[in-house]
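Input: a single structure, listed below in structure tokens.
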Amino acid sequence: MAFQPAELEVGVGDTVIWINRDIVPHTATAVGKPGWSTDTLIQGQSGQYVPGRAGEAPYFCKLHPVMQGKLIIR
Amino acid sequence: MSRFTVTRLFPALLVLVAAPGLQAQAAPPDLSDAEVAHVAVTANSIDIELAKVALSQSSNVEVQKFAGTMLNDHTAVNRQAGALAARLGVTPEDNAVSRWLQHGATEARGAIEGLRGGAFDQAYIDREIVYHQAVLNALDEILIPTTSNAELRKLLVDVRPAIAAHLEHARMVRTSLGAGR
């Protein structure tokens, strides 16, 4: 159970889309301050985020905190 | 206890329970697909029931979140297992592995239900660690190898990462509760 890829390089203003291919529900939720999050996504649903500025954006699944990912925003 | 010992414990115990009077053997039991489906539904239902106990009795935020995830995830898996069994025309059949899981669950529930506060939280999370480890062992050593239907086997394989993540999640919560007893 993991974000694939766990690390992704994107540009400011790109649209990042997460698709849940798992049986159980997931979220992609910012670690700490920025506060962005997808809704809870059941199997087959997708959620998105458009990064507004450069930097590293670590995120996790609120329901499964062992699942962690990172956007590297250029 | 070493990891290896824990891994080997399950089938040995299982054979003892399933065939009292016989000597423990290393060979896993051979289950039909209908029996595997019953084990899967039983294993999920057990964790759903215990999550409901935790949701009503715990006031710890991390324990509540964990129990909520267990309730949702195991409900989602059971929904898929039920739909697949219906589509395949398989009626889940009770068997020794299901009874072994249910027996352990009844005992565990009896031991922790009367606890309150931090003692409850620790006992619940400790049980979840042991339980998810046992389910992983059952998947690897009994359920996945014995299943003949490809779709049912794929469901078990697809579920395994969630069970492993639950185990890691339980260990995280256990660490947050502290080591003290």
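Bear in mind that the values here come from a model prediction, so they are computed numbers and not experimental data. Chain A is the first sequence line, chain B the second, and so forth, proteins listed ahead of strands; every chain is numbered from 1.
- Counting all heavy atoms, side chain and backbone alike, P65(A) lies closest to H169(B) at CD-CE1, 3.3 Å.
- Tracing side-chain contacts under 4.5 Å through hydrophobic residues (I, L, V, M, F, W, Y), one never reaches V135(B) starting from V130(B); they form parts of separate clusters.
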Original post:
Between V24(A) and N72(B), does a side-chain contact (heavy atoms from CB on, under 4.5 Å) hold up when you go through it step by step?
Top reply: CA-CA 8 Å; V24(A) 302; N72(B) 288 336; over 6 Å; no
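- Y59(A) and V16(A) fall within the same hydrophobic cluster, where Ile, Leu, Val, Met, Phe, Trp and Tyr residues are linked whenever their side-chain heavy atoms come under 4.5 Å apart, directly or through other members.
- For residues 151-166 of chain B, the salt bridge (Lys or Arg N to Asp or Glu O under 4.0 Å) pairs, not counting sequence neighbours, are R87(B)-E151(B), D140(B)-R160(B), K154(B)-D158(B).
- With rounding to the nearest 0.5 Å, the separation of CD in E168(B) from CE in M1(A) is 12.0 Å.
- Under the side chain to side chain contact (heavy atoms under 4.5 Å, CB included) criterion, R116(B) pairs with Q57(B), not counting sequence neighbours.
- Side chains of I23(A) and L155(B) form a contact here, defined as non-hydrogen atoms less than 4.5 Å apart.
- Neither the backbone nor the side chain of A164(B) comes within contact range of chain A, judged by heavy atoms closer than 4.5 Å.
- Connection of V12(A) to W36(A) is established within a shared hydrophobic cluster, with ILVMFWY side chains joined at heavy-atom distances below 4.5 Å, either directly or through further cluster members.
- Proximity to chain A is limited to the side chain of H166(B), based on heavy atoms less than 4.5 angstrom apart.
- Annotation for H64(A) and T69(B): closest pair NE2-CG2, 3.5 Å, computed over non-hydrogen atoms.
- Placement of L71(B) and I163(B) in two distinct hydrophobic clusters is found when ILVMFWY residues are connected by side-chain heavy-atom separations under 4.5 Å, directly or transitively.
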